There are 2 protein chains.
Amino acid sequence: MDEKQIQQVRRFNRAVTRRIGVLSDDYLGRGRPLAESRLLFEIGRDGADVRTLRARLALDSGYLSRLLRALEARGLLAVQPAPHDARVRRATLTRKGRREVDALDRDSHALAGSLLAPLGEAQRQKLVAAMAEVERLLRASAVEVALADPAGAEARACIDAYLREIDERFEGGFDAARSVSADPAELVPPTGAFMLARLDGEALGCGGLKLGARGVGEIKRMWVAPSARGLGIAQRLLEALEAQAAAMGVRTLRLDTNRSLVEARALYARNGYVEIARYNDNPYADHWFEKRGLRPK
Amino acid sequence: MDEKQIQQVRRFNRAVTRRIGVLSDDYLGRGRPLAESRLLFEIGRDGADVRTLRARLALDSGYLSRLLRALEARGLLAVQPAPHDARVRRATLTRKGRREVDALDRDSHALAGSLLAPLGEAQRQKLVAAMAEVERLLRASAVEVALADPAGAEARACIDAYLREIDERFEGGFDAARSVSADPAELVPPTGAFMLARLDGEALGCGGLKLGARGVGEIKRMWVAPSARGLGIAQRLLEALEAQAAAMGVRTLRLDTNRSLVEARALYARNGYVEIARYNDNPYADHWFEKRGLRPK
DNA sequence: TCCATTTGCTGACTTTAGTCAGGTAAAAAG
DNA sequence: CTTTTTACCTGACTAAAGTCAGCAAATGGA
């Protein structure tokens, strides 16, 4: 990795945590402990389960409980058992609590404004654009790709979303029964593998690998959530699948795809897949690709 | 101000404080209080005066003293009177302290690397470029422009730097005695005004205003430190001087400039100054500008 | 039905961060 | 040669943040 790049990231970290960190502590403190402000903010207008809050704010159970009691005592929120499971408790803001959150919101707004205010319009636009880019790429960098159980809840959600999407995009829709199989049961060792991409624990992409005979494997079920496209996630899923395939003895990877999936074709072409003749009778496929010469690293 | 811009800044703040803020606290904590880590880092390999540390870290005198004692007790640093002034005390790292800072340094390096690692080279380059842009513009946004005493230490330093620079840049050098006067004494009310631009308390730009007869004022001593150019500081100094001039009854602003100061001419042209005939006998001036119709807002 | 697990709460801590009111020595000002 | 200011330190606080062990209710599976 380039040393200059790392130096720039470090300068950025220092500059931004100083400027923004300190400012937002001041702004959002509002005379109340920061942890309480963050908690109010995180509960938000719709309320939230205590366990969700614990996970999102990474707080100790005891500490969080105490914070909730303190805010409850001041009439900012109420905690009740959740309807579906009485062990779980749900925190909701009172009217007074919502007013407080509104005030926090205004402060956060003012903080953002105070960063932009000294700049001229041209500089503002540049700053905002650069911030959007940094945010986008930090999101991309936080995505984790890992092996997962294709029968698990997250995997099923991804696969369902994938099937719904191609049913919409393919001319004439899509019926899994008429296509080539890729059951969850096939996508586990020793007959295959399955990868999930997660951001902050939420699954937003997947890809499957199905092993065939004589060192040939097939890529199936490649999908990325629409909200997360353009972050290079498909690329990383593909790389992970290739590495996994190679480790499982695959030397040649194949895949088929529909003419409506333009981005997918571009992805495969970029990664050294070349178009070949039809190798299966999948009625939904219009293009067939192959990449030879995979090696375990 | 554009609401969308503010929303983007807020999203950025959230994303960055979550991703980077939390990460760097974890990384740089290293089992020791964060304040101590920051202090070690700030002392650095060359050591630093205690008062400098106090200013840079914005710490209470007593608190800082205690932090220094704690690190001293663990043999990480030594504090001695400074040679030139025995009230001032200078903190320097011991060998053990330097090893600690090296470790912190490695961690910070690793943190930066961990942000870049999941990305491909193209994304990395984009991220690093966007970070540099954000950092640059946040610096610009943190610059404060305010009236200052032109005889004060900071102002004198800026004016001296200005004179040295034009002595270098003008063909044949520059001799203040042969030019039009702009003594500090003239640049205070009621005969003038003086503005300083500061970043984190450090002066890095100035501009003077000298009042003449019949609502005519003259801009003098416009200068920005080379390290801070390209941030739009001159623009903000000029705007501040114009506002001040208008408030003091000026309706027409003039200035002269040397042919070697190309950026300055562009600045004035951009701001509605039009070139006029020679209005003084300054031997160093090659261009004369004027802006009419100033109004107090 | 019983028992392990999950979820959240309480009490009793510790550590970290930060503030404030003096006090002392050195240097600068008068 | 005083007086004032500067720079730093110490002691005595407080508030915020966080940790840990143990407990009790609800739940789900054996």
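Worth knowing before you read on, the calculation uses all heavy atoms, side chains too, and leaves out hydrogens, waters and symmetry mates. Every chain is numbered from 1 and lettered A, B, ... according to where its sequence line falls, protein lines coming before strand lines. Since this is a predicted model, take the numbers as computed values, not measurements.
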With A15(A), which residues qualify under side-chain contact (heavy atoms from CB on, under 4.5 Å), at least two apart?
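Per chain and number, A15(A) pairs via side-chain contact (heavy atoms from CB on, under 4.5 Å) with E135(B).
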
List for me each residue that meets side-chain contact (heavy atoms from CB on, under 4.5 Å) alongside S114(B), sequence neighbours excluded, and say none if there are none.
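S114(B) satisfies side-chain contact (heavy atoms from CB on, under 4.5 Å) with Y27(B), L111(B) only.
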
Check every nucleotide of DNA chain D for an atom under 4.0 Å from a heavy-atom of chain A, then give the first and the last such nucleotide from 5' to 3'.
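So the outermost contacting nucleotides come out as dA16(D) to dT27(D).
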
Quick test of your reading: applying side chain to side chain donor-acceptor pair (under 3.5 Å), list the pairs with at least one residue in residues 76-85 of chain A, sequence neighbours left out, ordered by first then second residue.
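Those involving residues 76-85 of chain A are D85(A)-R87(A).
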
Is [X] reaching over with its side chain to a backbone N or O of [Y], donor-acceptor style, under 3.5 angstrom?
X	Y	result
R19(B)	S141(A)	no
R156(A)	A151(A)	yes
R236(A)	A140(A)	yes

When you compare the side chain of R45(B) with that of D102(B), does any pair of heavy atoms fall below 4.5 Å?
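D102(B) vs R45(B): side chains touch.
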
Any side-chain heavy atom of I20(A) sitting closer than 4.5 Å to one from V16(B)?
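Not in contact.
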
L93(A) and R98(A): which non-hydrogen atoms are nearest, and at how many Å?
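Residues L93(A) and R98(A), closest heavy atoms: O-NH1, 3.3 Å.
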
Atom pairs and distances, donor-acceptor, side-chain atoms in residues 58-71 of chain A, under 3.5 Å, two or more places apart:
{"unit_1": "D60(A)", "atom_1": "OD2", "unit_2": "G62(A)", "atom_2": "N", "d": "2.8"}
{"unit_1": "D60(A)", "atom_1": "OD2", "unit_2": "Y63(A)", "atom_2": "N", "d": "3.0"}
{"unit_1": "S65(A)", "atom_1": "OG", "unit_2": "R69(A)", "atom_2": "NH1", "d": "3.3"}
{"unit_1": "R69(A)", "atom_1": "NE", "unit_2": "E72(A)", "atom_2": "OE1", "d": "2.9"}

Which residues share a salt bridge (charged side-chain N to carboxylate O under 4.0 Å, His left out) with R10(A), sequence neighbours left out:
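Residues passing salt bridge (charged side-chain N to carboxylate O under 4.0 Å, His left out) with R10(A): D105(B).
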
Set of salt bridge (charged side-chain N to carboxylate O under 4.0 Å, His left out) partners for R51(A), sequence neighbours left out:
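Once residues adjacent in sequence are excluded, R51(A) has no partner under the salt bridge (charged side-chain N to carboxylate O under 4.0 Å, His left out) criterion.
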
Can you pull out the residues from residues 43-60 of chain B that lie within a 4.0 Å heavy-atom distance of DNA chain C?
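Contacting residues: D60(B).
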
Looking at DNA chain C, which of residues 62-77 of chain A put a heavy atom within less than 4.0 Å of it?
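Those residues are G62(A), S65(A), R66(A), R69(A).
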
In Å, rounded to the nearest 0.5 Å, how long is the span from CG of L76(A) to CD of E36(A)?
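Here the interatomic distance stands at 8.0 Å.
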
Counting only pairs under 3.5 Å, give me each side-chain donor-acceptor contact of residues 184-198 of chain A, with atom names and distances, residues two or more places apart or in other chains.
{"unit_1": "E186(A)", "atom_1": "OE1", "unit_2": "S181(A)", "atom_2": "OG", "d": "2.9"}
{"unit_1": "E186(A)", "atom_1": "OE1", "unit_2": "A182(A)", "atom_2": "N", "d": "3.4"}
{"unit_1": "E186(A)", "atom_1": "OE1", "unit_2": "D183(A)", "atom_2": "N", "d": "2.8"}
{"unit_1": "E186(A)", "atom_1": "OE2", "unit_2": "S181(A)", "atom_2": "OG", "d": "3.3"}
{"unit_1": "T191(A)", "atom_1": "OG1", "unit_2": "E186(A)", "atom_2": "O", "d": "2.8"}
{"unit_1": "T191(A)", "atom_1": "OG1", "unit_2": "V188(A)", "atom_2": "O", "d": "3.1"}
{"unit_1": "R198(A)", "atom_1": "NE", "unit_2": "E154(A)", "atom_2": "OE1", "d": "3.2"}
{"unit_1": "R198(A)", "atom_1": "NE", "unit_2": "E154(A)", "atom_2": "OE2", "d": "3.2"}
{"unit_1": "R198(A)", "atom_1": "NH2", "unit_2": "E154(A)", "atom_2": "OE1", "d": "2.9"}

Under 4.0 Å from any heavy atom of chain B: name the first and the last nucleotide of DNA chain C that qualifies, 5' to 3'.
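Going 5' to 3' along DNA chain C, contacts run dT16(C) to dA27(C).
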
Members of residues 85-94 of chain A that approach DNA chain D, where some heavy atom sits under 4.0 Å away:
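Correct list: D85(A), A86(A), R87(A).
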
Pair V128(A), L116(A) - check side-chain contact (heavy atoms from CB on, under 4.5 Å), show working.
CA-CA 9 Å; V128(A) 168; L116(A) 292 176; 4.1 Å; yes

